A.B. asks: 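Dropping the structure in here first, questions after.
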Amino acid sequence: MSLPKPSIPKGTRDFNPVEMIRRNFIFETIRNVFQMFGYQPIETPAMENLSTLMGKYGEEGDKLLFKILNSGDFMHAVQNLNLKSQNSELKSQNYKDLTPYISEKGLRYDLTVPFARFVVQHQHELIFPFKRYQIQPVWRADRPQKGRYREFFQCDVDVVGSHSLLYEVELVQITDAIFSALGIKVLIRINNRKILAGIADAVGAADKLPDITIAMDKLDKIGLEKVNEELIQRGISREAVEKLQPIFQLEDMLKSNAGILSDFLRNSEIGCKGLEEIEKVNDFLKIIDLNNKFIFDIKLARGLNYYTGTIIEVNALDVAIGSMCGGGRYDDLTGIFGLPDMSGVGISFGADRIHDVMLELNLFPSTIVTSTRVLFINFGADEEKYCLNLASRVRAAGIPAEIYPEQVKIKKQMDYANRKNIPYVVLAGQDEIQSGYIAVKDMKSGEQHTMVIDELITLLQL
RNA sequence: GUGGUCGUAGCUCAGCUGGUUAGAGCGAUAGAUUGUGGAUCUAUAGGUCGUGGGUUCGAGCCCCAUCUUCCACCCCA
């Protein structure tokens with residue numbers, strides 16, 4: 001009779017101590033930068049009312065939401081529904097129709113929508129422009145792949161209550177600062193939804209904007225010909241596709257052949273507005289020094305449909321993994337919760353992908369793995385008591401220390417110190433208790449010195 | 001959600017066209033060394049071969065289902 005092996009749901013992970021130390025290093029780096037720009041932390045619940053989440057991420061997003069089954073007799077509602085619908089033809093067992101009756105809560109899909117809900121709910125307590133950051137897990141019922149998990153951590157910074165393009169620039173600065181601090185080389189891509197709308201406008205396919213952007217986004221991936229095929233398949237006319245060709249050729253829309261774009265958008269009001277915005281952002285960016293490359297990339301689309309202005313995405317230069325970071329401006333996200341005219345802009349860092357990239361490129365500093373600095377060897381009952389006191393004094397000086405819990409062979413205790421990467425071991429037996437000195441062994445060099453406890457503390461405080 | 005792929009000891013893997021009691025390296029534990037670690041040597045433990053069915057005299061190997069992994073699509077951090 002063997003129990004089934006314990007396991008965790010698909011796409012989720014346990015984090016062991018080493019991984020946690022690395023992840024915390026990432027979180028702390030990100031948090032420090034956020035705070036440097038004046039953002040303040042908030043948290044929201046893991047679960048939201050399903051009505052808060054549904055319809056915010058497009059049809060695809062609704063499918064990827066984890067829905068929580070109502071507690072108690074959820075079938076009751078279904079039975080009532082069946083009774084009522086017996087005469088009507090709502091006999092369909094369609095799960096989509098059933099969902100609202102059996103599930104009223106869902107796990108959050110991102111941090112932006114719950115934040116919008118938060119802003120509306122707490123609008124009278126907040127100081128605007130409200131700058132907040134939020135580091136929490138999100139859940140998506142996606143099919144897992146490399147760098148794609150069903151539970152993953154996002155680190156969001158957003159500011160709501162201002163249309164200022166200074167914030168767009170601030171987000172680029174934050175992004176640059178974070179990836180510089182972590183040592184990851186990235187390409188920051190910037191575009192503007194209004195320009196994309198203007199392009200669709202200019203080729204007479206304003207209603208096909210989502211189709212055009214989705215296809216354009218794939219230019220780097222599948223190439224020009226396939227994109228053109230897909231456009232036609234998505235119902236864009238041949239003339240329109242023909243007109244789009246010069247746009248597809250643009251490397252950086254604000255460099256060399258920038259005239260192409262402004263000509264193209266001349267008759268589109270929204271397009272001109274977008275170009276104006278992005279030029280202004282560019283003017284700001286010229287003033288500050290960035291470590292990483294950035295490009296005004298017309299091909300950048302981004303799927304979330306609440307973006308209305310600037311959009312940003314960041315990719316690692318040295319690892320093939322999805323984007324590590326993405327965001328943009330949304331003019332009316334709080335509108336759906338009853339607070340109109342509250343423009344926001346924000347960006348989200350994917351902690352798990354950043355972790356995977358850093359691991360692959362060996363970017364974690366070796367210094368972050370140490371925890372305990374001194375191990376007191378256990379020689380027996382009297383010595384234990386003696387060490388208990390010494391260890392307390394070491395800790396009081398801010399140095400992490402531990403005492404081996406059993407009197408076992410020194411070899412075994414030393415081995416424990418080695419495996420936990422503890423740099424110093426203290427040997428205090430009867431002789432040492434008598435003399436008041438302790439033997440301190442440097443586990444790296446193997447050297448051993450006799451000293452008093454205060455000398456050890458001084459040594460470790462260096 | 002669609003199509004494909006992987007799964008053998010704690011880890012990395014071997015295992016012939018189905019044929020006795022399924023192997024290696026590393027790791028673990030114990031000892032050589034009862035106050036001195038990393039090396040070496042010796043010994044020991046550890047697997048219902050992801051799970052459940054089926055075919056067969058016989059299945060780690062073949063078939064079906066299911067879970068998991070990774071990949072492509074979709075979409076995205």
Side-chain angles (χ1 to χ4, degrees), chain A residues 1-13 16 26 30 57-65 95-96 109-112 135-156 175 210 213-215 217-218 221-222 226 230 300-305 312-316 320-327 346-357 375 377-380 383 404 407-433 438-448:
Chain A
M1 243 183 80
S2 68
L3 294 164
K5 279 181 190 149
S7 63
I8 54 175
K10 180 192 339 201
T12 65
R13 294 144 303 149
N16 65 31
I26 293 171
I30 290 175
Y57 310 103
E59 208 176 316
E60 200 64 31
D62 284 351
K63 278 192 227 162
L64 298 180
L65 279 170
Y95 74 98
K96 277 184 190 160
Y109 179 91
D110 71 358
L111 299 178
T112 308
I135 298 176
Q136 289 191 275
V138 304
W139 294 269
R140 295 183 190 176
D142 214 339
R143 191 167 287 204
Q145 274 182 44
K146 188 188 183 72
R148 172 178 297 196
Y149 305 99
R150 291 183 133 181
E151 177 185 62
F152 60 98
F153 277 72
Q154 289 195 327
C155 314
D156 274 37
T175 303
T213 54
I214 287 170
D217 196 41
K218 296 181 191 168
K221 205 170 180 182
I222 62 175
K226 296 228 167 163
E230 184 164 335
L300 174 62
R302 290 195 62 73
L304 293 174
N305 54 16
I312 301 178
E313 194 163 296
V314 181
N315 290 86
I321 196 167
S323 61
M324 288 188 294
C325 182
I347 191 162
S348 177
F349 294 79
D352 303 84
R353 284 188 182 172
I354 291 172
H355 171 272
D356 291 355
V357 167
L375 176 74
I377 297 291
N378 191 324
F379 285 108
E383 292 89 340
Y404 198 86
Q407 187 201 344
V408 294
K409 273 187 288 200
I410 309 298
K411 175 186 161 74
K412 195 167 176 177
Q413 302 193 39
M414 291 278 190
D415 205 44
Y416 176 81
N418 272 333
R419 301 213 305 166
K420 280 192 77 175
N421 253 312
I422 299 173
Y424 293 94
V425 158
V426 169
L427 299 109
Q430 286 304 327
D431 296 351
E432 285 81 3
I433 294 177
I438 51 171
V440 175
K441 188 178 177 99
D442 179 334
M443 293 302 277
K444 207 163 189 179
S445 67
E447 286 174 34
Q448 190 166 319

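We use all heavy atoms of the structure for the numbers below, so side chains are in, but hydrogens, waters and symmetry mates are not. Numbered from 1 within each chain, the chains take letters A, B, ... in sequence-line order. These figures come from a predicted structure and were not determined experimentally.
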A.B. asks: Sticking with atom C1', work out how far B:G1 lies from B:U55, rounded to a whole angstrom.
C.D. replies: 33 Å
A.B. asks: Under the side chain to side chain contact (heavy atoms under 4.5 Å, CB included) rule, what do A:Lys411 and A:Asp415 come out as? Steps first, then yes or no, please.
C.D. replies: CA-CA 6 Å; A:Lys411 175 186 161 74; A:Asp415 205 44; 5.5 Å; no
A.B. asks: Could you report the tightest heavy-atom contact between A:Trp139 and A:Glu151, atom names first, then the distance?
C.D. replies: NE1-OE2, 3.0 Å
A.B. asks: Got a second to check how far A:Met414's CE is from A:Ile377's CD1, nearest 0.5 Å?
C.D. replies: 5.0 Å
A.B. asks: When you compare B:G19 with B:C26, how far apart are their P atoms, in angstrom units rounded to a whole number?
C.D. replies: 29 Å
A.B. asks: With under 30° as parallel and over 60° as perpendicular, where do the rings of A:Tyr416 and A:Tyr404 fit, or are they tilted in between?
C.D. replies: perpendicular
A.B. asks: Rounded to the nearest angstrom, tell me the gap between atom NZ in A:Lys10 and atom P in B:C70.
C.D. replies: 11 Å
A.B. asks: Tell me the interatomic distance from A:Glu60, atom CD, to B:C73, atom C1', rounded to whole angstroms.
C.D. replies: 11 Å
A.B. asks: Is there a donor N/O on one and an acceptor N/O on the other, under 3.5 Å, for the side chain of A:Arg143 and the base of B:C73?
C.D. replies: no
A.B. asks: Sort by first number and list every stem of RNA chain B: at least 3 consecutive Watson-Crick or G-U wobble pairs, both distances under 3.5 Å.
C.D. replies: B:1-4 with B:70-73, B:10-13 with B:23-26, B:28-32 with B:40-44, B:50-54 with B:62-66
A.B. asks: Of all the choices, B:G37, B:C75, B:U69, which nucleotide is nearest to the side chain of A:Pro144 once you look at every atom?
C.D. replies: B:U69
A.B. asks: If you take all heavy atoms of A:Ala439 and A:Gln448, which pair is closest and at what distance?
C.D. replies: CB-NE2, 3.5 Å
A.B. asks: Kindly compute the distance separating CG (A:Asp156) from OG1 (A:Thr112), expressed to the nearest 0.5 Å.
C.D. replies: 4.5 Å
A.B. asks: Side chain to side chain contact (heavy atoms under 4.5 Å, CB included), that's the test. Do A:Arg353 and A:Ser323 meet it? Break it down for me.
C.D. replies: CA-CA 8 Å; A:Arg353 284 188 182 172; A:Ser323 61; 4.3 Å; yes
A.B. asks: Considering only the C1' atoms, how many Å lie between B:A32 and B:G15, rounded to the nearest integer?
C.D. replies: 35 Å
A.B. asks: Donor-acceptor check, side chain of A:Arg140 to backbone of A:Tyr109, threshold 3.5 angstrom: yes or no?
C.D. replies: yes
A.B. asks: Expressed in angstrom and rounded to an integer, what is the separation of A:Glu432 atom CD from B:U36 atom C1'?
C.D. replies: 12 Å
A.B. asks: Can you measure A:Phe153 atom CZ to B:A77 atom C1' for me and round it to whole angstrom units?
C.D. replies: 13 Å
A.B. asks: Could you please name the option among B:U36, B:A77, B:G35 that lies closest to any side-chain atom of A:Ser323?
C.D. replies: B:A77
A.B. asks: Locate the shortest heavy-atom distance separating A:Phe153 from A:Pro137; write the atom from each residue and the value.
C.D. replies: CE2-CD, 3.5 Å
A.B. asks: Taking only side-chain nitrogens and oxygens of A:Lys63, does any of them come within less than 4.0 Å of OP1 or OP2 of B:C74?
C.D. replies: no
A.B. asks: Taking only side-chain nitrogens and oxygens of A:Lys218, does any of them come within less than 4.0 Å of OP1 or OP2 of B:C75?
C.D. replies: yes
A.B. asks: Given atom CZ of A:Arg140 and atom C1' of B:G1, what is their separation to the nearest angstrom?
C.D. replies: 17 Å
A.B. asks: Would you say the side chain of A:Gln407 and the base of B:G35 hold a donor-acceptor pair, judged only by whether the two atoms sit under 3.5 Å apart?
C.D. replies: no
A.B. asks: By the 4.0 Å heavy-atom rule, please label A:Gly322 as base, sugar-phosphate, or nothing.
C.D. replies: nothing
A.B. asks: Test for a donor-acceptor pair under 3.5 Å between the base of B:C75 and the side chain of A:Arg148, counting only N and O atoms.
C.D. replies: yes
A.B. asks: Which pair of non-hydrogen atoms, one from A:Gln154 and one from A:Ser348, has the smallest distance, and what is that distance?
C.D. replies: CD-OG, 3.3 Å
A.B. asks: If you assign each of A:Ser348 and A:Ile410 to its closest nucleotide in RNA chain B, which residue comes earlier from the 5' end?
C.D. replies: A:Ile410
A.B. asks: Given the P atoms of B:G25 and B:U33, what is the spacing between them in whole Å?
C.D. replies: 25 Å
A.B. asks: Would you say a side-chain N or O of A:Lys146 is under 4.0 Å from OP1 or OP2 of B:U69?
C.D. replies: no
A.B. asks: Classify A:Met324 by what it touches in the nucleic acid, base, sugar-phosphate, or nothing, heavy-atom distance under 4.0 Å.
C.D. replies: sugar-phosphate
A.B. asks: When the P atoms of B:G52 and B:G60 are compared, how many Å lie between them, rounded to an integer?
C.D. replies: 13 Å
A.B. asks: Could you measure the distance from the CD1 atom of A:Ile433 to the CZ atom of A:Phe379? Nearest 0.5 Å is fine.
C.D. replies: 10.0 Å
A.B. asks: Considering only atom C1', compute the distance from B:G46 to B:A28 and round it to an integer number of Å.
C.D. replies: 9 Å
A.B. asks: Between the base of B:U36 and the side chain of A:Gln413, is one N or O donor paired with an acceptor at under 3.5 angstrom?
C.D. replies: no
A.B. asks: With a 4.0 Å cut-off on heavy atoms, is A:Gly147 in touch with a base, just the backbone sugar-phosphate, or nothing at all?
C.D. replies: base
A.B. asks: Scan A:Cys325 against the nucleic acid and name what it touches under 4.0 Å (heavy atoms): base, sugar-phosphate only, or nothing.
C.D. replies: sugar-phosphate
A.B. asks: With sugar-phosphate meaning primed atoms plus P, OP1 and OP2, does A:Gln430 contact a base, only sugar-phosphate, or nothing at under 4.0 Å between heavy atoms?
C.D. replies: base
A.B. asks: Can you name the nearest heavy-atom pair linking A:Pro144 to A:Gly11, along with the distance?
C.D. replies: CG-CA, 3.8 Å
A.B. asks: Under 5.5 Å between ring centres and under 30° between planes: does that hold for A:Phe349 against the base of B:A77?
C.D. replies: no
A.B. asks: What are the two closest heavy atoms between A:Asp217 and A:Ala301, and how far apart are they?
C.D. replies: OD1-N, 3.4 Å
A.B. asks: Find the distance between CD (A:Glu383) and CG (A:Asp431) and round it off to the nearest 0.5 Å.
C.D. replies: 9.5 Å
A.B. asks: Assign A:Gly327 to base, sugar-phosphate, or nothing according to its heavy-atom contacts below 4.0 angstrom with the strands shown.
C.D. replies: nothing
A.B. asks: Between the protein and nucleotides 26-30 of chain B, which nitrogen or oxygen pairs come in under 3.5 angstrom?
C.D. replies:
from	atom 1	to	atom 2	distance (Å)
B:A28	OP1	A:Arg419	NH1	3.3
B:A30	OP1	A:Lys412	NZ	3.4

A.B. asks: How far, in whole Å, is B:A24 from B:U69 if one measures between their P atoms?
C.D. replies: 31 Å
A.B. asks: Indicate for each nucleotide in nucleotides 7-13 of chain B, in 5' to 3' sequence, whether protein heavy atoms under 4.0 Å reach the base (B), only the sugar-phosphate (S), or nothing (-).
C.D. replies: -------
A.B. asks: In whole Å, what is the span from the CZ atom of A:Arg150 to the P atom of B:C76?
C.D. replies: 17 Å
A.B. asks: Check the distance between B:C75's C1' and A:Ile214's CD1 and give it to me in whole angstrom.
C.D. replies: 9 Å
A.B. asks: Work out how far the C1' atom of B:A65 is from that of B:C71, and round it to whole angstrom.
C.D. replies: 23 Å
A.B. asks: Students often get this wrong, so: under 4.0 angstrom with heavy atoms, is A:Gly446 touching a base, only sugar-phosphate, or nothing?
C.D. replies: base
A.B. asks: Taking the nucleotide of RNA chain B with the nearest heavy atom to each, does A:Gln145 or A:Arg353 sit closer to the 5' end?
C.D. replies: A:Gln145
A.B. asks: What's the spacing between A:Asn378 CG and A:Ile410 CD1 if we round to 0.5 Å?
C.D. replies: 8.5 Å
A.B. asks: Would you mind reading off the distance between A:Asp62 atom CG and B:G1 atom C1', rounded to a whole angstrom?
C.D. replies: 14 Å
